[in-house]
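Here the structure comes first, spelled out in structure tokens, and everything after it is commentary.
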Amino acid sequence: MDKTVEKITNGLKGEIIIPSDKSLSHRAIMISSLAKGVAKIENFSAGADCHSTLNLFKNLGVEIEFKSEKSLILKSTGKLTEPKNDLNCGNSGTTMRLVSGILAGQNFNSVLYGDESLSKRPMKRVIEPLSLMGAKIDSNENKAPLKIYGQNLKGIDYNSKLASAQVKSCVLLAGLHASGKTSFTEPYVSRNHTELMLKYLGADISVENSTTTIGKSELFAKDISVCGDISSAAFFIAAGLIVPNSDFIIKNVGLNPTRTGILDVVKMMGGQVEILDKKIVSNEEVGDLRVKTSDLRACEVSGSLIPRLIDEIPVIAVMATQAEGTTIIKDAQDLRNKESDRISAVVTELRKFGADIDETPDGFIISGKKSLKGDCEVNTYHDHRLAMSMYIAGLVSEKPAKINDFQWVDISFPEFEKLIISLQ
Ligand code: S3P
């Protein structure tokens with residue numbers, strides 16, 4: 001489905017409720033499936049990725065029933081059963097990487113596969129630590145499909161070169177069923193939702209600096225209310241800052257400090273985003289954001305900030321085209337391993353809009369403020385975040401832009417365009 005986006009001149013105004021966090025929705029299904037009892041999960045993501053996780057756990061014998069569009073009841077004995085079929089992870093790297101940690105220690109064999117984009121993504125990062133724990137996994141040269149032969153696992157102390165929440169979560173979930181203790185150390189702290197949710201459901205887990213340690217634990221179900229996704233809110237934050245005459249409120253945004261790098265960048269750029277009404281919901285920080293059009297200035301995004309905003313970088317690049325000065329984004333080489341090579345894709349497509357953006361091995365150099373001319377046809381590379389970033393660029397372009405295959409948005413945020421329109 002192609003989409004044409006036009007410039008907005010009257011500004012974005014009003015209030016939206018940001019839909020459910022993708023990372024938390026995945027984990028709510030996975031971790032509740034490993035817990036004994038009945039859990040009500042509220043505000044579950046409507047995105048296709050989280051539905052891949054949900055269907056996969058149904059195939060592993062977990063009873064899951066929707067009570068309304070976004071609210072479900074999950075019943076589990078805490079034990080999974082052998083699947084009758086191979087398990088489909090769709091487009092979702094989070095599903096494949098986290099579930100491989102869960103399946104490696106089961107007493108049955110299983111196969112994980114995914115779509116064209118997921119089948120090209122690196123899985124060595126999870127196969128390596130799991131193998132050190134005693135897992136037996138066959139792969140297609142360290143890519144999907146993964147054939148996992150369930151084994152008794154043993155705990156390890158793993159020092160990861162990558163600051164990746166997917167790798168960390170995979171190892172911690174494997175550690176839940178391994179003998180002894182498992183610890184994971186990362187160069188910078190990545191999102192810690194797995195740790196918080198495991199603790200919430202009773203796991204023996206502790207954190208010291210960038211090392212997390214888990215011991216074999218039994219989990220007990222608890223109700224989980226999933227907050228809104230700051231990675232989805234990021235597109236609206238960017239739009240609000242760069243579309244003239246905007247002033248609106250984004251409600252129910254997850255504000256876990258391991259995810260709020262985008263707010264640090266907004267502050268460095270001089271953007272006006274105010275946090276209102278902060279509270280704790282299901283062990284996670286949540287609040288509302290007020291966003292106003294702002295004069296932005298360039299900044300540098302690097303180091304420990306990167307894992308705290310990894311999914312927001314494509315839209316930060318769009319913001320940087322509208323900021324005065326040269327923005328440098330570096331240390332983000334893992335962006336090349338996402339749903340697309342997001343460094344090369346962002347540069348190729350934003351240049352079509354007329355942006356002054358250069359590719360580096362681990363990021364971008366972007367010079368602004370540059371008026372985007374639009375009048376172009378851009379591609380989405382099977383990548384939901386590329387599709388939404390291009391849409392935001394289109395909102396400030398002189399002439400309309402055509403976005404090819406816009407339906408990739410449905411992977412995380414089917415409500416995206418409806419919410420943009422509601423603010424006009
Ligand atoms: C995620 C972690 C990040 C992020 C992805 C979701 C998660 O990946 O890009 O969209 O839910 O754990 P990495 O851990 O590979 O950086």
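For this chain, numbers begin at 1 and follow the sequence in order. Every heavy atom of this structure was used, including side-chain atoms; hydrogens, water molecules and symmetry mates were not. Numbering of ligands and ligand atoms starts at 1, following listing order.
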- Select the closest option to atom 12 (O) of ligand 1 among H26, R27, H193, R191, judged by heavy-atom distance.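 The residue whose heavy atom sits nearest atom 12 (O) of ligand 1 is R27.
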
Margin query: Using heavy-atom distances only, which candidate in R97, K338, R385 approaches atom 13 (P) of ligand 1 most closely?
Written below: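 Selected option, by shortest heavy-atom distance: K338.
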
Practice prompt. Could you tell me whether Y391 and F235 have their ring centroids closer than 6.0 angstrom?
Written response: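 When the ring centroids of Y391 and F235 are compared, they turn out to be at least 6.0 Å apart.
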
Quiz prompt | ligand 1 atoms in contact with S23 (distance to a heavy atom under 4.0 Å) | solution =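 Counting from 1, the qualifying ligand atoms are 6 (C), 7 (C), 11 (O).
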
Considering the heavy atoms of I310, write down every atom of ligand 1 situated less than 4.0 Å from one of them.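 Once the distances to I310 are compared, the set is 9 (O).
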
For ligand 1, is there an N or O atom under 3.5 Å from any N or O atom of [X]?
X: K22; result: no
X: A165; result: yes
X: S164; result: yes

Cation-pi check, K136 onto Y149 ring (under 6.0 Å, within 45° of axis):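 K136 over Y149 ring: yes.
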
Practice prompt. State, to 0.1 Å, how close N91 and L118 come at their nearest heavy-atom pair, and which atoms those are.
Written response: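 Heavy-atom minimum between the residues: C-CD2, 4.2 Å.
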
Check this for me: does any side-chain nitrogen of one of D2 and K402 sit under 4.0 Å from a carboxylate oxygen of the other?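 Result for this pair is yes, salt bridge flagged.
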
May I ask you to say whether D362 pairs ionically with K330, meaning some side-chain N is under 4.0 Å from a carboxylate O?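 No salt bridge links D362 with K330.
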
Review point. To which protein heavy atom is atom 4 (C) of ligand 1 closest, and what is the distance rounded to 0.1 Å?
Key: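 Heavy-atom neighbour on the protein nearest atom 4 (C) of ligand 1: D311 OD2, 3.2 Å.
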
**OP:** Measure up the F248 and F236 rings against each other and bin them: parallel (under 30°), tilted (30 to 60°), perpendicular (over 60°).
**Re:**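 Correct class here is perpendicular.
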
